[in-house]
Peer 1: 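Once you've had a glance at the structure underneath, I'll fire off some questions.
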Amino acid sequence: LNEALTRLRGGDYEFFLKGIDELHLHHDSIMVEACNASFQVHFQVGPREFAKLYNIAQAVAAPVVAVAANSPLLFGRRLWAETRIGLFEQSIDTRRTSPHLREQTPRVSFGRQWVRESALEIFREDIARFRTLLSTDMDDDLFEEIAAGRAPSLKALGLHNSTVYRWNRVCYGVLDGRPHLRIENRIMPSGPTPRDE
């Protein structure tokens with residue numbers, strides 16, 4: 001993942017965050033994002049209720065972050081109340097710094113609009129907008145699974161989806177032969193203790 005992101009960026013990672021203090025940092029690896037730990041909650045939803053519940057998750061994200069903020073310091077500097085958001089956005093940003101490329105959509109975002117009808121809107125947008133970063137052998141045949149009455153695993157979709165970092169991300173999975181959708185909320189900070197979470 002680090003190699004793929006670095007190749008897309010065209011070089012080192014540059015971080016700039018300004019709060020009470022400023023942090024300007026160059027690094028040759030994505031691993032600065034390891035300073036960013038989130039408490040990720042998965043909420044299983046039905047296909048028919050997905051759009052409504054996803055939009056609610058989007059609408060409440062700002063007040064939830066405001067209440068849960070707990071990372072004002074990074075490398076000894078006083079920055080944002082929730083510094084890990086800016087740090088994560090900058091560490092995964094594959095756009096180059098030239099102005100015309102800055103108009104591209106970043107890999108870390110809330111998305112571009114409300115969901116109107118279904119999770120397919122998000123999957124389609126992410127597949128169309130973002131290059132594939134990782135690949136693996138896919139040994140299952142989607143059409144064969146459907147013909148046999150089994151829920152398709154959609155491994156390629158899952159792998160691609162794992163490299164697009166929406167703060168509220170739609171996830172597809174199969175458990176005990178049954179497909180399901182989840183809204184993965186990635187915006188809440190972890191800790192500082194399990195009780196706080």
Side-chain angles (χ1 to χ4, degrees), residues 1-18 23-43 50-51 54-55 57-59 61-62 64-65 69 71 74 79-80 82-116 118-136 138 154-173 181-190:
L1 185 59
N2 183 59
E3 290 173 13
L5 289 170
T6 302
R7 193 170 40 256
L8 278 176
R9 284 179 75 96
D12 286 352
Y13 296 79
E14 183 175 354
F15 301 92
F16 180 73
L17 293 163
K18 184 176 182 179
L23 174 69
H24 196 181
L25 173 71
H26 288 267
H27 201 276
D28 65 352
S29 168
I30 187 179
M31 288 312 297
V32 171
E33 74 94 10
C35 297
N36 168 19
S38 61
F39 180 64
Q40 298 174 8
V41 177
H42 288 245
F43 182 53
F50 174 82
Y54 186 85
N55 290 337
Q58 293 282 79
V64 166
V65 159
S71 60
L74 180 64
L79 301 168
W80 302 0
E82 193 53 47
T83 298
R84 68 183 184 81
I85 290 174
L87 179 68
F88 188 64
E89 288 177 344
Q90 292 179 33
S91 68
I92 304 296
D93 196 350
T94 56
R95 300 170 301 165
R96 295 177 189 227
T97 56
S98 59
H100 74 283
L101 291 176
R102 298 302 295 174
E103 296 301 317
Q104 295 174 346
T105 304
R107 287 188 100 85
V108 178
S109 76
F110 279 100
R112 298 172 355 108
Q113 59 196 18
W114 298 108
V115 174
R116 290 181 300 279
S118 79
L120 289 176
E121 296 165 40
I122 295 173
F123 288 134
R124 286 179 182 139
E125 180 178 342
D126 289 352
I127 290 167
R129 288 191 176 277
F130 301 107
R131 286 184 179 183
T132 299
L133 295 180
L134 303 172
S135 65
T136 186
M138 300 294 165
L154 303 180
K155 289 179 184 177
L157 175 67
L159 185 59
H160 182 68
N161 194 49
S162 72
T163 66
V164 179
Y165 304 93
R166 289 176 180 261
W167 288 109
N168 284 304
R169 179 163 57 187
V170 58
C171 297
Y172 168 84
L181 288 173
R182 299 182 316 277
I183 298 169
E184 176 190 25
N185 179 285
R186 305 170 50 78
I187 197 141
M188 294 186 289
S190 65

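What you are looking at is a predicted structure, and each value in this text was computed from that prediction instead of being measured. Worth knowing before you read on, the calculation uses all heavy atoms, side chains too, and leaves out hydrogens, waters and symmetry mates.
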Peer 1: List the residues meeting side chain to side chain donor-acceptor pair (under 3.5 Å) with T6, not counting sequence neighbours, and say none if there are none.
Peer 2: Y13

Peer 1: Mind checking what makes side chain to side chain donor-acceptor pair (under 3.5 Å) contact with H24, not counting sequence neighbours?
Peer 2: E14

Peer 1: The criterion is side chain to side chain donor-acceptor pair (under 3.5 Å); which residues satisfy it with Q58, sequence neighbours excluded?
Peer 2: N168

Peer 1: Any luck finding a side-chain donor-acceptor pair between W167 and E89 under 3.5 Å?
Peer 2: yes

Peer 1: Do S38 side-chain atoms and Q40 backbone N/O form a donor-acceptor pair below 3.5 Å?
Peer 2: no

Peer 1: Using side chain to side chain contact (heavy atoms under 4.5 Å, CB included) as the criterion, point out the one residue from F130, Y172, F123 that pairs with N161.
Peer 2: F123

Peer 1: Check whether R186 reaches the backbone of R169 with its side chain - one donor and one acceptor, N or O, closer than 3.5 Å.
Peer 2: no

Peer 1: Is any side-chain heavy atom of W80 closer than 4.5 Å to a side-chain heavy atom of L17?
Peer 2: yes

Peer 1: Identify the residue among R107, R166, H160 that makes a side chain to side chain donor-acceptor pair (under 3.5 Å) with D126.
Peer 2: R166

Peer 1: Any donor and acceptor pair, going by atom type alone, linking the side chain of T132 with main-chain N or O of L134 inside 3.5 Å?
Peer 2: no

Peer 1: Side-chain contact test, heavy atoms from C-beta onward, threshold under 4.5 Å: evaluate it for L181 versus Y54 and give yes or no.
Peer 2: no

Peer 1: For F110 and A61, work out which heavy atoms get closest and say how close.
Peer 2: CE2-CB, 3.7 Å

Peer 1: Does CD in Q113 sit with more than 12 non-hydrogen atoms of other residues, nucleotides or ligands closer than 6.0 Å?
Peer 2: yes

Peer 1: S118 versus F50: any side-chain heavy-atom pair under 4.5 Å?
Peer 2: no

Peer 1: Does K155 have more than 12 heavy atoms from other residues, nucleotides or ligands lying within 6.0 Å of its NZ?
Peer 2: yes

Peer 1: N2 and I30: which non-hydrogen atoms are nearest, and at how many Å?
Peer 2: OD1-N, 2.8 Å

